[in-house]
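Reading through the structure tokens given below for one structure.
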Amino acid sequence: MSLLTKEQLRNFISENNIQSVPDLYTSLKNLFKNTIQEMLEAELSAELGYERYDKKDKDTQNSRNGYTQKTVKTQFGEMGIDIPRDRQGEFEPKIVPKYKRDISGIEEKVIALYARGMSTRDIHDQIKDLYGIELFAEMVSKITERIVPEIKEWQSRPLEKIYTFIFMDAIHYKVRTDGHIINRAAYVVLGVTIEGIKDILGIWIGENESSRFWLGVLNELKNRGVEDVLVFSVDGLTGIKEAIQAAFPKSEIQRCIIHQLRNCFKYVSYKHLKEFSKDFKAVYQAANEEIARDEFEKLKNKWQNLYPYAIKSWENNWDVLSPFYKFPEEVRKIMYTTNIIEGFHRQLRKVTKSKIIFPSDEALEKMLYLVTMNVLKKWTVRYKNWDIVLNQLIIMYPGRLEKYL
């Protein structure tokens with residue numbers, strides 16, 4: 001498409017007597033309307049095979065049959081255009097499709113604004129200010145409903161047969177249901193493929209976090225094609241270990257060290273917190289499990305009498321806290337904490353922070369899906385040193401990865 005020359009622009013300004021920005025806007029609006037009108041005429045001419053008033057080249061029984069006026073929404077506001085008709089009713093214009101009254105791309109803009117966490121009222125004001133088009137709350141909701149089938153398709157799509165790591169955690173929101181405000185959990189599953197790429201495998205809206213719900217999620221992952229997972233990294237939810245073992249009995253479970261520390265710190269007096277934390281650093285930064293055990297015994301002898309429950313929580317969960325010790329730093333960084341999924345939650349909160357209460361589960365689901373799609377666009381690079389990580393996993397879990405490579 002060639003640009004207008006300066007001379008053509010001067011002529012346009014002169015012919016339309018443009019002396020201000022509003023004059024320019026009005027002229028562009030008229031130009032846009034006339035262009036659309038000419039494109040409709042050209043479409044019908046191509047359909048019939050002859051130009052208007054040029055019947056000598058006519059080779060069809062069909063012919064023009066007047067116009068139907070239609071009001072459409074455009075980036076220049078609402079405008080009336082004349083849709084040409086053919087006598088046999090076969091003409092279906094592409095520039096202004098049948099039954100479509102919005103040719104501005106407004107729907108895409110509404111969805112983009114919704115994905116940034118804007119309220120329906122804010123979207124109404126923004127669209128009105130920019131395009132002079134009234135979009136009330138009901139219309140915004142109707143537009144965003146367009147993505148509901150898309151969400152269902154994404155949520156049920158086939159998954160990879162194997163994931164090297166899967167991280168699971170929930171983020172909580174308030175939702176209005178039957179006139180009551182209740183707490184809802186958005187269960188998030190983040191997987192790492194054998195190529196080292198992160199992906200959100202699904203988001204499920206349910207009651208407050210429970211092992212029973214997680215088991216349903218895990219079974220759904222299996223139904224969508226997941227055959228094996230090497231390592232699950234999770235927080236300390238009661239029963240989640242049993243849920244994973246029931247669905248994926250061969251998988252290793254790594255409890256998040258950071259979550260574990262936070263949980264045991266609640267038993268420790270503030271005046272001892274810094275020293276206690278420093279002592280535990282020697283435990284979780286140990287070169288191997290044997291050294292970690294020795295450091296833990298030293299810590300236990302020092303703090304057992306003061307904080308028995310803090311010590312007991314590590315002893316009771318050692319089997320799910322210790323798997324990462326057998327790996328080098330490159331693998332440990334990935335699996336010892338659920339920070340990666342907490343980082344994703346921060347992205348969700350950044351957008352949803354203005355929403356104190358969601359009007360329904362569906363409204364929450366739409367928002368989380370749109371934010372997720374924006375985040376996934378950035379997840380195109382594999383984990384650093386993935387070649388080292390993959391070789392370690394192949395050796396540590398013999399026979400489980402090779403057939404998928």
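- Of all non-hydrogen atoms in Thr337 and Cys256, the two that sit nearest each other are OG1-SG, 3.4 Å.
- A donor-acceptor pair under 3.5 Å is formed between the side chain of Ser322 and the backbone N or O of Trp318.
- Other residues, nucleotides and ligands contribute only 12 or fewer heavy atoms inside 6.0 Å of the NZ atom of Lys384.
- The side-chain contact (heavy atoms from CB on, under 4.5 Å) search around Pro328 returns Glu330, Val331, Gln392, not counting sequence neighbours.
- The backbone N or O of Leu299 sits nowhere less than 3.5 Å from a side-chain atom of Asp279 that would complete a donor-acceptor pair.
- Other residues, nucleotides and ligands contribute only 12 or fewer heavy atoms inside 6.0 Å of the CD atom of Glu290.
- In this structure Phe167 satisfies the ring pair (Phe, Tyr, Trp, His ring centres under 6.0 Å) test with no other residue, sequence neighbours excluded.
- Residues satisfying the side chain to side chain donor-acceptor pair (under 3.5 Å) test with Gln304, not counting sequence neighbours, are none.
- Within the 4.5 Å cutoff, the side chain of Phe358 has no heavy atoms near those of the Ile205 side chain.
- Annotation: side chain to side chain donor-acceptor pair (under 3.5 Å) contacts of Tyr67 (sequence neighbours excluded): Glu41, Arg52.
- Taking the side chain to side chain donor-acceptor pair (under 3.5 Å) definition, one finds that Asp319 meets it with Lys241, sequence neighbours left out.
- Heavy-atom minimum distance, Ala170 versus Ala185: CB-CB, 4.3 Å.
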Can you give the donor-acceptor pairs under 3.5 Å from side chains of residues 259-276 to other protein atoms, not counting sequence neighbours?
unit_1	atom_1	unit_2	atom_2	d
His259	ND1	Thr338	OG1	3.4
His259	NE2	Glu342	OE2	3.2
Gln260	OE1	Arg255	NE	3.3
Gln260	OE1	Arg255	NH2	3.4
Gln260	NE2	Ser313	O	3.4
Gln260	NE2	Ser313	OG	3.1
Asn263	ND2	His259	O	3.2
Ser269	OG	Lys271	N	3.4
His272	ND1	Tyr307	OH	2.6
Glu275	OE2	Lys302	NZ	2.7

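- Under a 3.5 Å cut-off, the side chain of Arg332 and the backbone N or O of Phe327 do form a donor-acceptor pair.
- Under the 4.5 Å side-chain criterion, counting only non-hydrogen atoms from C-beta, Tyr383 is in contact with Lys198.
- Asn17 pairs by the side chain to side chain donor-acceptor pair (under 3.5 Å) definition with Gln19, not counting sequence neighbours.
- Counting only heavy atoms from C-beta outward, the side chains of Lys366 and Ile151 approach each other to under 4.5 Å.
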Considering only distance and modelled atom types, tabulate donor-acceptor pairs under 3.5 Å from the side chains of residues 173-184, sequence neighbours left out.
unit_1	atom_1	unit_2	atom_2	d
Tyr173	OH	Thr352	OG1	3.3
Lys174	NZ	Asn183	OD1	2.9
Arg184	NE	Asp361	OD1	3.2
Arg184	NE	Asp361	OD2	3.3
Arg184	NH2	Asp361	OD2	2.6

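- Lys333 meets the salt bridge (charged side-chain N to carboxylate O under 4.0 Å, His left out) test with Glu329; sequence neighbours excluded.
- Shown here are the salt bridge (charged side-chain N to carboxylate O under 4.0 Å, His left out) partners of Glu252, two or more places apart in sequence or in another chain: Lys326.
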Next on the checklist: Could you walk me through whether Glu195 and Thr193 satisfy the side chain to side chain donor-acceptor pair (under 3.5 Å) test, starting with their C-alpha distance in whole Å, then the side-chain angles of each, then the deciding distance to 0.1 Å, before giving a yes or no?
Outcome noted: CA-CA 5 Å; Glu195 288 81 25; Thr193 68; 3.2 Å; yes

Item to check | Leu390 and Leu405: CA distance, side-chain angles, deciding distance, side chain to side chain contact (heavy atoms under 4.5 Å, CB included) verdict | outcome: CA-CA 10 Å; Leu390 190 59; Leu405 293 170; 4.1 Å; yes

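- Put simply, the side chain of Trp214 never gets that close to the backbone of Asp169: no donor and acceptor are under 3.5 Å apart.
- Legend: side chain to side chain donor-acceptor pair (under 3.5 Å) pairs involving residues 152-165, not counting sequence neighbours, sorted by first then second residue: Arg157-Asp199.
- Proximity of Glu402 to Ile394: side-chain heavy atoms (C-beta onward) are separated by under 4.5 Å at one or more points.
- Side-chain contact check for Val192 versus Trp386: some heavy-atom pair is nearer than 4.5 Å.
- When every heavy atom of Ile200 is checked against every heavy atom of Leu376, the shortest pair comes out as N-CD2, 3.8 Å.
- In this structure, Asn288 contributes its side chain and Tyr325 its backbone to no donor-acceptor pair below 3.5 Å.
- Considering only heavy atoms from C-beta on, Asn65 stays 4.5 Å or farther from Asp86 through its side chain.
- For the pair Trp303/Phe280, no side-chain contact is recorded, criterion being any heavy-atom separation below 4.5 Å from C-beta on.
- Under the 3.5 Å distance criterion, the side-chain polar atoms of Lys300 are left unmatched by any main-chain donor or acceptor of Ile311.
- Side-chain N or O atoms of Ser251 include one that pairs as donor or acceptor with a backbone N or O of Val229 at under 3.5 Å.
- Under the 4.5 Å side-chain criterion, counting only non-hydrogen atoms from C-beta, Asn62 is not in contact with Phe91.
- Counting only distance, with no hydrogens or angles, the side chain of Gln254 and the backbone of Phe324 share a donor-acceptor pair below 3.5 Å.
- Residues passing the ring pair (Phe, Tyr, Trp, His ring centres under 6.0 Å) test with Phe165, sequence neighbours excluded: none.
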